Amino acid sequence: MRVMTRAYRLTRRNLIRVASLAAIGGAGSVVVASCAAPPPTPSPKPAAPAEAPKPAPTTAPPPPTTAAAPAPTATSAAPAPQPTPTAAAKPVAAAPAAGAAQKVPLSVFYWANDAGDLAIWKEQIALVGQRQAQLDVKFDTATFDNYHDKLLTMAGAGTLPDVIMDNGFRVSSLAARGVTKSLMPYISKESGFDLNDFVKPAQEMGSHKGEIHCLFYDFVGLLPFYNVDLFDAAGVPHPDASWTWDDFVARMKQLTKAGPDGRVTQAGIVLTKDFVWGLTPFILQNGGELWDKDLKESLLGSPESLEAITFYADLRNKHKVTLAEVPGLGEYTDPFLSKRAAWINHVVAAASGMGPEKGVNWDWGVMPRQKKQVTWAAGSGWAMSGKPKEPDGAWLFVKEITSSPNLTAIAKSQRGYPARYSAMPAYFQGRPKHVEYAKSVMEYARGYPTHPTFLEWWDVLNRELEPALLGSAAPKDVVSKIKPELDNLLAKSRQIGS
Amino acid sequence: MRRGSRSRSEALAAFLFLLPNTLCFLFLGIFPVLASFSLSFFDWPVLEAPQFVGIDNYARLILEDDIFISALINTLYFVGVVVPLTVMVAMALAMLLNLGLRGTLLFRAVFFFPVLCSPVATSLVWKWMYNTDFGLINYLLRSAGLPAPDWLVSLTWAMPALIIMAAWHGAGFNMVILLAGLQNIPRQLYEAAEIDGAGAWHRFVHVTLPMLSPTLFFVVVIAVIQSFQVFDQAFVMTEGGPGKATTTIVYYLYQHGFKWFHMGYASAIAWVLFVVLFGLTLAQVSLQARWVHYE
């Protein structure tokens with residue numbers, strides 16, 4: 001029963017033909033689109049992001065080179081670059097408004113973890129825009145956890161943006177592989193750029209093979225936070241610069257409480273199984289090093305380092321001044337914030353997660369010392385990608401977003417502890433009484449040394465040293481066993497980018 | 001003639017309908033698989049050009065890499081305990097629910113609920129429950145006067161902790177499948193067995209198990225494959241630790257591939273895992289004739 005004319009009939013066959021043509025057309029478009037050149041820049045998104053917490057230091061006036069900077073090891077820790085120091089710590093020169101008519105397209109990629117971060121970075125980019133109106137910034141963001149995966153995917157695909165955010169622990173890794181570009185040629189050409197306004201450890205950590213690749217917006221040292229109420233209740237004097245390791249252990253014992261079954265219910269200190277946050281400060285304080293200056297040999301087997309590792313493990317297994325659970329960084333602050341531990345070593349900027357709403361009456365202290373008064377510092381900043389389409393625009397952006405006015409805004413927002421001396425005073429308003437301890441950290445901190453395979457090196461140590469920390473293996477045995485693996489990673493680091 | 005033309009035309013239409021899905025399958029399924037096989041013969045750190053290394057990745061993996069061997073042993077330990085445990089728990093639950101008691105529907109939903117929850121979220125909750133100092137599990141153990149292990153910070157107890165959690169998470173899914181299998185067993189077989197004087201145990205062994213064996217076979221094969229791929233718990237709860245105690249093959253693959261960007265080596269790990277799984281599945285299929293009864 002054919003009622004409809006051929007022209008108007010909608011039979012199954014016709015439907016199939018139409019659908020097939022549509023499918024072929026669609027598939028063809030996809031193929032053509034995927035063969036086309038990749039889009040030039042990341043997609044623009046409004047709002048500015050920000051990164052994970054990073055600590056910070058001093059209000060103090062620009063005593064630039066105070067840092068005790070014990071010879072940083074290895075690549076990134078190469079001697080701080082010597083650019084063109086200049087006059088006073090002026091905010092970077094104002095916009096060269098002349099050529100403002102010509103817009104410079106610029107792609108920027110950074111991490112932002114939440115709406116607060118986004119708002120802060122949006123403001124930061126707006127501040128840059130006020131001074132450099134010719135920059136037409138398109139930006140893309142990711143959370144910190146996803147940021148580096150996406151960044152390396154872009155690098156692998158050859159679609160890196162002009163400017164990226166860079167984390168101190170990854171500076172060497174990215175620089176050695178060409179993901180970032182040395183900023184030295186640009187810094188040298190800038191007559192008004194005062195590199196010495198950046199704290200010295202930040203210059204060290206932002207460098208690879210003596211060349212600055214990253215200018216930090218925040219940079220913070222590791223120091224103790226202590227619970228004032230628990231200290232007072234136990235009658236323990238507050239920590240000061242005179243504490244040695246022995247004093248430290250004695251006072252942690254005073255602060256520790258155990259239940260009838262011997263189980264610790266209130267700990268002196270929170271330990272973490274993370275090598276960087278947990279063990280490194282003690283190794284450095286005891287005069288140990290992580291590797292030699294030529295990046296040829298792991299030095300964790302030295303008597304100083306071994307003694308420090310043993311000391312750290314003993315806090316749990318012998319002195320029992322910590323909880324049995326040894327958290328990673330994800331839960332590190334929980335025992336402190338739940339008032340089950342009186343002391344935690346953390347970066348200055350961790351203060352932003354310990355506001356009054358947490359109900360912990362805390363203050364900053366001073367790291368106990370052994371052979372040296374030393375701690376480490378780290379942070380995050382901005383870098384120019386390896387092959388920027390607009391190198392001059394990229395440098396202008398990096399220079400402006402790490403300028404003193406921008407970092408002062410960062411400090412006021414409590415987003416991070418600024419990496420410039422001139423921006424530090426804004427950070428400490430309304431802080432606990434011992435801000436001087438937080439301010440002075442940069443005087444004895446060193447930038448955490450890294451190398452191109454540092455992240456893998458870090459994972460190996462976290463994995464292998466944990467049994468020693470838990471008392472299931474002797475530190476000496478563990479360190480001897482993993483030395484070849486660590487030395488092998490150092491050898492790879494020497495090769496990468498050489 | 002006309003009929004042949006019509007059938008060709010219908011075949012063409014069928015192929016065209018299949019085309020989108022086939023393209024997706026080829027590009028998103030087969031191509032990455034082949035690419036990973038090819039990559040397993042290269043050293044490719046993503047940011048540098050791949051370098052052909054022949055079978056070096058495989059040789060290193062099997063002959064030199066202690067961590068991989070530990071990961072393999074850990075995974076076998078996990079699979080060897082989780083699969084029987086999950087299946088036995090699921091079987092017990094399914095048989096209880098099959099009794100048709102009051103509240104069956106509610107309990108079926110309750111037992112299935114963990115399957116619906118995100119493994120990451122449940123892992124976080126279990127991580128808190130396992131906390132040595134203040135966790136719920138140790139609180140209950142101490143309250144009962146029992147020793148409280150260090151769970152996730154113990155080289156001995158970390159893997160059992162993951163196994164218990166995995167069994168809790170996976171039992172509900174198997175329970176539903178087994179329950180469906182149980183409900184398909186004809187009642188007259190039980191009646192006949194009863195008339196022959198078979199007790200509950202004999203009915204279970206001689207009626208339930210044989211009739212359920214095809215379902216059990218399916219459940220075991222799937223459970224083995226899923227268990228070999230254990231990752232979430234190790235990633236969220238222990239980060240493969242303490243030490244290497246809970247480093248599994250997939251977690252180790254993740255570390256090489258997505259933390260350290262050793263894509264070639266990670267691909268080799270994936271292919272070794274595939275070979276192990278494929279071999280085990282083949283063995284299960286070839287052994288099924290001995291214990292699986294099809295009607």
Side-chain angles (χ1 to χ4, degrees), chain A residues 12-13 15-17 19-21 23-24 26-27 30-31 34 148-149 152-153 155-156 173-174 176-179 259 261 263-265 267 273 316 323-328 330-331 334-335 338 340 386 453 455-456 459-460 462-470 472-473 478 481 485 492 496-497, chain B residues 6 9-10 12-24 27 44-49 66-67 70 124 127-128 130-135 138 142 145 147-156 158 236-245 247 252 255-263:
Chain A
R12 189 176 55 179
R13 182 168 302 172
L15 180 62
I16 288 169
R17 282 185 183 136
S20 307
L21 286 171
I24 291 169
V30 170
V31 171
S34 55
H148 293 94
D149 287 350
L152 290 189
T153 307
S173 171
L174 297 181
R177 294 171 171 92
V179 178
D261 56 355
R263 185 174 60 92
V264 173
T265 52
K273 60 186 176 185
R316 178 183 188 269
L323 297 169
E325 190 87 15
V326 184
E331 303 81 36
D334 293 349
S338 59
R340 297 184 193 282
T453 61
L455 296 180
E456 191 172 345
D459 281 337
V460 169
N462 282 349
R463 180 186 70 216
E464 298 293 344
L465 283 174
E466 194 176 2
L469 173 58
L470 297 175
S472 303
V478 173
K481 189 184 138 214
E485 189 175 0
K492 271 172 74 179
I496 294 173
Chain B
R6 180 175 175 175
S9 164
E10 285 186 351
L12 178 65
F15 282 125
L16 288 174
F17 265 118
L18 289 171
L19 188 63
N21 190 46
T22 308
L23 285 176
C24 286
F27 282 106
W44 186 39
V46 181
L47 297 178
E48 293 152 47
D66 295 343
I67 314 275
S70 297
L124 283 171
K127 186 175 182 178
W128 274 108
Y130 278 131
N131 183 288
T132 303
D133 303 295
F134 308 108
N138 275 2
R142 285 190 194 105
D150 282 349
W151 295 115
L152 302 179
V153 288
S154 156
L155 294 171
T156 312
V236 176
M237 293 168 74
T238 59
E239 297 173 66
K244 304 180 277 273
T247 299
Y252 192 50
Q255 283 193 306
H256 272 286
F258 300 99
K259 284 192 89 179
W260 309 328
F261 293 93
H262 304 155
M263 287 298 177

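As the structure is a prediction and not an experimental result, all values here were calculated from the model. Below, read A as the first sequence line, B as the second, and so on, with proteins coming before strands; counting in each chain starts at 1.
When heavy atoms are compared at a cutoff of 4.5 Å, B/Thr156 does not approach chain A at all. The contact between A/Leu152 and chain B is made by backbone and side chain atoms together, counting heavy-atom distances below 4.5 Å. With a threshold of 4.5 angstrom between heavy atoms, B/Phe261 approaches chain A through side-chain atoms but not through N, CA, C or O. At a 4.5 Å heavy-atom cutoff, the contact between A/Thr265 and chain B is made by backbone atoms alone. Residue contact with chain A, scored on non-hydrogen atoms closer than 4.5 Å, is absent for B/Trp44. Looking at A/Val478, there are no atoms closer than 4.5 Å to chain B (heavy atoms on both sides), in backbone or side chain.
Contact between B/Pro242 and A/Leu470 at its shortest, heavy atoms only, is CB-CD1, 3.5 Å. Closest of all the heavy-atom pairs between B/Tyr130 and A/Glu325 is O-OE1, 4.3 Å. Residues B/Asp150 and A/Ala324 approach most closely at OD1-CB, 4.4 Å, considering heavy atoms. Contact detail for A/Lys273 and B/Thr238: the closest heavy-atom pair is NZ-O, 3.9 Å.
In terms of heavy-atom pairs under 4.5 Å with chain B, the best-connected choice from A/Gly330, A/Pro467, A/Gly328, A/Ser338 is A/Pro467. No other option in A/Asp261, A/Asp149, A/Asp459 has as many heavy-atom pairs under 4.5 Å with chain B as A/Asp459. When the candidates A/Arg177, A/Arg263, A/His148 are compared by the number of heavy-atom contacts under 4.5 Å with chain B, A/Arg263 comes out ahead. Of the listed residues (B/Glu48, B/Glu239, B/Gln255, B/His262), the one with the most heavy-atom contacts under 4.5 Å to chain A is B/His262.
Between B/Lys127 and A/Asp334 there is no salt bridge, since no side-chain N of the basic residue sits under 4.0 Å from a carboxylate O of the acidic one.
Under the 4.5 Å side-chain criterion, counting only non-hydrogen atoms from C-beta, B/Ile67 is in contact with A/Glu464.
Atom CZ of B/Phe134 has more than 12 neighbouring heavy atoms from other residues, nucleotides or ligands inside a 6.0 Å radius.
Put simply, the side chain of A/Arg463 never gets that close to the backbone of B/Lys244: no donor and acceptor are under 3.5 Å apart.
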